[in-house]
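Values reported hereafter were calculated over all heavy atoms of this structure, with side chains retained and with hydrogens, waters and symmetry mates removed.
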Amino acid sequence: KLEGILTNLIKNAIKYTESGSITFGCKIKAIEGKDVCEFYVKDTGIGVPASRIDAIFNRFEQADIEDTKVFEGSGLGLAITKSYVEMLGGKITVKSVEGKGSTFSFYIPYIKPANNELLTKDAIREDSELLLKNLSIIVAEDDDVSRMLLESIFENDHKEILFATTGKETIDLCKKYPDTDIILMDIRMPDLNGFEATKAIRKFNQNVIIIAQTAHGLTGDKEKALEAGCDDYIAKPINRERLFQIIRNCISIKRI
């Protein structure tokens with residue numbers, strides 16, 4: 001419902017604004033002692049005559065302006081928006097100056113997560129950290145700086161980490177250590193590239209999680225990596241939190 005409200009308001013703003021700007025946002029505030037989340041969508045469009053502001057929330061009504069074409073159908077969209085806001089326990093208002101623009105504002109109750117929900121998220125995070133500490137990892141990376149970065153990222157979060165600088169070395173390490181949990185596979189490596197190395201590994205190991213990494217971020221790299229047999233993809237420079245999230249997601253999928 002919230003997505004529908006924002007979609008309607010932003011589409012209206014775009015439709016009725018030929019030049020200038022459209023801005024939107026939200027904030028938490030208190031109204032009558034209760035926390036609410038207040039949203040706004042502001043435009044510099046055609047605006048609405050003061051005498052017709054209330055009418056725009058009525059079904060099938062149009063604002064009484066010279067160019068009624070631009071408001072064609074807006075009554076229904078705004079009526080639905082108003083009903084959605086009220087269904088969520090909120091209220092919607094509009095301030096407008098004809099020829100200068102409009103600001104639609106609405107608020108809905110802000111419900112804080114219960115303490116037990118927060119505890120559950122903390123517990124999941126702790127379990128994830130323990131899980132990461134028990135991983136065996138192969139890093140396939142021929143760039144010294146990138147290799148040092150990954151070594152620092154996993155400094156306290158792995159059971160064992162091995163490094164390879166070529167595709168062939170990566171394949172050999174995977175054969176030598178079949179219980180490896182994760183392979184971070186650089187796409188651009190000497191001899192065999194990451195795509196070829198992944199295809200070779202998948203012939204004898206379907207369980208190891210392979211995450212492709214590349215500095216190029218070229219269109220189609222992710223698709224090629226997944227097609228070759230990688231479980232996921234991350235672009236360089238590698239973000240630690242993003243990488244760990246990908247690892248957690250891959251492990252969860254493998255367990256299903």
Side-chain angles (χ1 to χ4, degrees), residues 1-115 117-118 120-122 124-125 217 219 222 232-235 237 239-246 248-249:
K1 293 294 183 287
L2 178 59
E3 183 179 354
I5 293 165
L6 291 171
T7 298
N8 278 340
L9 292 179
I10 293 171
K11 280 185 175 180
N12 277 349
I14 292 171
K15 183 177 180 180
Y16 309 146
T17 305
E18 292 187 3
S19 63
S21 63
I22 297 165
T23 58
F24 60 94
C26 67
K27 64 181 178 180
I28 306 298
K29 61 184 291 186
I31 294 181
E32 297 180 352
K34 296 181 180 180
D35 287 338
V36 300
C37 192
E38 184 180 62
F39 296 81
Y40 73 90
V41 177
K42 181 179 180 180
D43 65 63
T44 58
I46 61 176
V48 183
S51 62
R52 299 299 294 164
I53 283 182
D54 291 337
I56 65 174
F57 289 112
N58 295 334
R59 289 184 180 273
F60 306 109
E61 281 202 57
Q62 296 175 351
D64 187 14
I65 56 176
E66 292 182 6
D67 188 2
T68 56
K69 178 183 176 183
V70 296
F71 266 87
E72 186 177 351
S74 67
L76 179 58
L78 290 175
I80 292 173
T81 299
K82 182 174 183 286
S83 68
Y84 279 5
V85 171
E86 291 174 350
M87 284 172 64
L88 295 176
K91 183 178 179 181
I92 186 168
T93 59
V94 59
K95 293 181 180 179
S96 185
V97 177
E98 190 174 2
K100 293 187 177 181
S102 305
T103 300
F104 286 84
S105 301
F106 70 92
Y107 66 82
I108 57 175
Y110 174 67
I111 303 171
K112 296 179 181 179
N115 289 335
E117 291 179 6
L118 295 174
T120 300
K121 291 179 181 178
D122 289 340
I124 292 172
R125 191 177 298 109
T219 302
K222 180 175 182 178
D232 212 324
Y233 166 100
I234 189 168
N239 175 276
R240 182 179 186 274
E241 293 305 317
R242 173 62 180 153
L243 175 59
F244 282 10
Q245 185 59 55
I246 288 174
R248 293 186 190 104
N249 291 344

*asked:* Quick one, Tyr16 and Asp43 - any side-chain contact, counting heavy atoms below 4.5 Å?
replied: no

*Looking at CG of Asn239 and CZ of Phe244, how far apart are the two atoms once the value is rounded to the nearest 0.5 Å?*
10.0 Å

*Residues in side-chain hydrogen bond (donor to acceptor under 3.5 Å, both in side chains) with Asn8, at least two apart?*
Thr81

*Any ring pair (Phe, Tyr, Trp, His ring centres under 6.0 Å) pairs touching residues 80-103, not counting sequence neighbours?*
none

*Check whether any side-chain N or O of Thr7 sits under 3.5 Å from a backbone N or O of Gly4 as a donor-acceptor pair, and report yes or no.*
no

*Residues two or more places apart in sequence or in another chain: which of them pass ring-ring contact (aromatic ring centres under 6.0 Å, His included) with Phe106?*
Phe39

_Smallest separation among heavy atoms of Phe57 and Leu78, with atom names_ = CD2-O, 3.7 Å

*Starting at CD1 of Ile5, measure out to CD1 of Ile10 and round the result to the nearest 0.5 Å.*
11.5 Å

_As an exercise, state the distance from CG of Leu9 to OG1 of Thr103, rounded to the nearest 0.5 Å._
11.0 Å

*Hey, could you give me the OG1/NZ distance between Thr44 and Lys100, rounded to the nearest 0.5 Å?*
12.0 Å

*Among residues two or more places apart or on two chains, list those pairs meeting salt bridge (charged side-chain N to carboxylate O under 4.0 Å, His left out) that have a residue in residues 23-32.*
Lys29-Glu38

Give every donor-acceptor pair under 3.5 Å between a side-chain atom in residues 19-26 and any protein atom, sequence neighbours left out.
none

*Mind checking the CD1-NZ spacing from Ile111 to Lys34? Nearest 0.5 Å is all I need.*
11.0 Å

Quiz: residues 85-97 side-chain donor-acceptor pairs under 3.5 angstrom, not counting sequence neighbours:
unit_1: Glu86; atom_1: OE2; unit_2: Lys82; atom_2: NZ; d: 2.8
unit_1: Ser96; atom_1: OG; unit_2: Val48; atom_2: N; d: 2.8
unit_1: Ser96; atom_1: OG; unit_2: Gly101; atom_2: O; d: 3.1
unit_1: Ser96; atom_1: OG; unit_2: Ser102; atom_2: OG; d: 2.7

